[in-house]
Amino acid sequence: RRRHTRYWRDWSSDVCSSDLPGQRVGRDSRYELLGKIGQGGMGSVWKARDTQLGRDVAIKRILGAGAMDARLRERFQRETQALVGLRHSNIVTVLDADEDFAGPYIVMEFVPGTSLSAHIAQGPMAAPAAVEMFAAICRGVSHAHKKGVVHRDIKPSNVMLDEDGT
């Protein structure tokens with residue numbers, strides 16, 4: 001059985017007042033924000049609904065003053081280009097990337113489930129499950145490295161476990 005442990009780079013910052021549940025994202029207002037699922041130092045990640053295809057997605061973006069900073073925007077663009085080239089069962093897939101009135105954003109597959117940090121908070125894992133999960137993370141990281149991508153921020157809050165906990 002394949003492991004569905006996935007990771008992403010955590011961009012985080014203060015939430016722009018325009019990013020609220022129900023808000024539409026994209027030049028064509030294609031994505032409807034459903035709720036924030038993560039936040040860090042440069043941006044945030046939202047669960048959203050792709051209204052054209054009728055599926056849930058995750059939207060990552062830099063926000064606030066960072067969205068206007070040329071260096072951060074260039075870094076975000078390089079990050080997007082690197083992620084687009086990664087196709088692996090243990091790495092989230094980039095579906096779209098663009099810019100709207102609030103700045104650039106990346107649309108990724110939504111992984112229903114929980115973060116590894118939330119899973120760890122529930123108590124110790126059985127050794128075989130922990131080894132299998134670690135191996136899945138290593139497979140994803142190895143694939144990224146072979147493609148010249150270095151994650152730079154691998155931590156439990158950036159590892160998502162699907163609904164089966166895998």
Side-chain angles (χ1 to χ4, degrees), residues 1-15 25-26 31 36-48 50 53 55-64 66-67 69-99 103-166:
R1 177 174 170 202
R2 289 192 76 127
R3 302 296 293 177
H4 295 288
T5 304
R6 315 239 175 124
Y7 70 91
W8 67 60
R9 166 104 182 155
D10 183 25
W11 293 92
S12 301
S13 93
D14 296 332
V15 176
V25 173
Y31 307 104
K36 188 175 10 169
I37 54 178
Q39 182 170 330
M42 287 180 55
S44 58
V45 179
W46 289 77
K47 179 179 180 180
D50 180 337
L53 298 178
R55 65 178 172 185
D56 290 338
V57 296
I59 295 182
K60 176 170 57 175
R61 66 187 317 156
I62 50 177
L63 299 170
D69 183 300
R71 288 184 318 199
L72 288 179
R73 292 170 69 88
E74 181 180 321
R75 183 174 159 194
F76 193 78
Q77 179 64 25
R78 282 193 314 266
E79 178 82 15
T80 302
Q81 291 301 316
L83 289 173
V84 165
L86 299 177
R87 297 272 188 257
H88 192 273
S89 62
N90 300 113
I91 301 174
V92 294
T93 301
V94 172
L95 305 172
D96 189 15
D98 203 352
E99 187 171 325
Y105 62 89
I106 302 172
V107 180
M108 303 170 292
E109 71 175 304
F110 175 72
V111 179
T114 186
S115 69
L116 177 56
S117 59
H119 190 72
I120 291 170
Q122 296 174 0
M125 298 172 65
V131 168
E132 188 175 336
M133 185 181 307
F134 184 69
I137 294 167
C138 289
R139 286 190 297 272
V141 171
S142 175
H143 177 77
H145 287 182
K146 288 175 186 173
K147 298 289 187 175
V149 177
V150 178
H151 188 282
R152 300 184 341 164
D153 196 22
I154 298 172
K155 59 188 178 186
S157 62
N158 287 347
V159 175
M160 295 301 298
L161 307 176
D162 67 16
E163 293 172 311
D164 295 333
T166 58

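We use all heavy atoms of the structure for the numbers below, so side chains are in, but hydrogens, waters and symmetry mates are not. Please read all numbers here as calculations on a predicted model, not as lab measurements.
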**Request:** Check V149 against A82 and note the closest heavy-atom contact, atom names and distance.
**Result:** CG2-CB, 3.7 Å
**Message:** In the structure I gave you, are the side-chain heavy atoms of D56 and D50 within less than 4.5 Å of one another anywhere?
**Reply:** no
**Asked** Between Y31 and W46, does a side-chain contact (heavy atoms from CB on, under 4.5 Å) hold up when you go through it step by step?
**Response** CA-CA 10 Å; Y31 307 104; W46 289 77; over 6 Å; no
**Asked** Any side-chain heavy atom of L95 within less than 4.5 Å of one from V57?
**Response** yes
**Item:** Sub-4.5 Å side-chain heavy-atom contact between K60 and L83
**Value:** yes
**Complete:** Taken in chain and number order and not counting sequence neighbours, the residues that satisfy salt bridge (Lys or Arg N to Asp or Glu O under 4.0 Å) with D98 are R27
**Request:** Scan residues 88-97 for pairs that pass salt bridge (Lys or Arg N to Asp or Glu O under 4.0 Å), counting only residues two or more places apart or in two chains.
**Result:** none
**Complete:** salt bridge (Lys or Arg N to Asp or Glu O under 4.0 Å) filter on R78, not counting sequence neighbours, yields E74
**Complete:** Residues passing the side-chain contact (heavy atoms from CB on, under 4.5 Å) test with R87, sequence neighbours excluded, are T93
**Message:** Are I62 and Y105 packed together at the side-chain level, in the sense that at least one heavy-atom pair is separated by less than 4.5 angstrom?
**Reply:** no
**Item:** Gap separating the NZ atom of K147 from the OG atom of S142, nearest 0.5 angstrom
**Value:** 11.5 Å
**Request:** Using the side-chain contact (heavy atoms from CB on, under 4.5 Å) rule, pick out the option among H143, E109, M108 that qualifies with I91.
**Result:** H143
**Request:** Please list, chain by chain and in numerical order, all residues satisfying side-chain hydrogen bond (donor to acceptor under 3.5 Å, both in side chains) with R55, sequence neighbours excluded.
**Result:** none
**Message:** Between R61 and V25, does the side-chain contact (heavy atoms from CB on, under 4.5 Å) criterion hold? Intermediate values first, please.
**Reply:** CA-CA 11 Å; R61 66 187 317 156; V25 173; 3.6 Å; yes
**Request:** Mind checking side-chain hydrogen bond (donor to acceptor under 3.5 Å, both in side chains) for E99 and listing every partner two or more places apart, or none if nothing turns up?
**Result:** R73
**Request:** Report the C-alpha separation of V111 and V92 in whole Å, then their side-chain angles, then the decisive distance to 0.1 Å, and conclude whether the side-chain contact (heavy atoms from CB on, under 4.5 Å) test is met.
**Result:** CA-CA 8 Å; V111 179; V92 294; 3.8 Å; yes
**With S115 via side-chain contact (heavy atoms from CB on, under 4.5 Å) - residues at least two apart** = S117, A118, M160
**Fill in**
With sequence neighbours left out, the residues meeting side-chain contact (heavy atoms from CB on, under 4.5 Å) with V84 are T80, V94
**Request:** Compare all side-chain heavy atoms of H151 with those of V141 and state whether any distance is below 4.5 angstrom.
**Result:** no
**Message:** Looking at every non-hydrogen atom in both residues, tell me the closest pair between V45 and A58 and how far apart they are.
**Reply:** CG1-CB, 4.1 Å
**Prompt:** If you round to the nearest 0.5 Å, how far is CG of N158 from CG of D153?
**Reply:** 5.0 Å
**Request:** Using the side-chain contact (heavy atoms from CB on, under 4.5 Å) rule, take L116 and M133 through it: C-alpha gap first, then chi angles, then the decisive distance, then the call.
**Result:** CA-CA 10 Å; L116 177 56; M133 185 181 307; 3.2 Å; yes
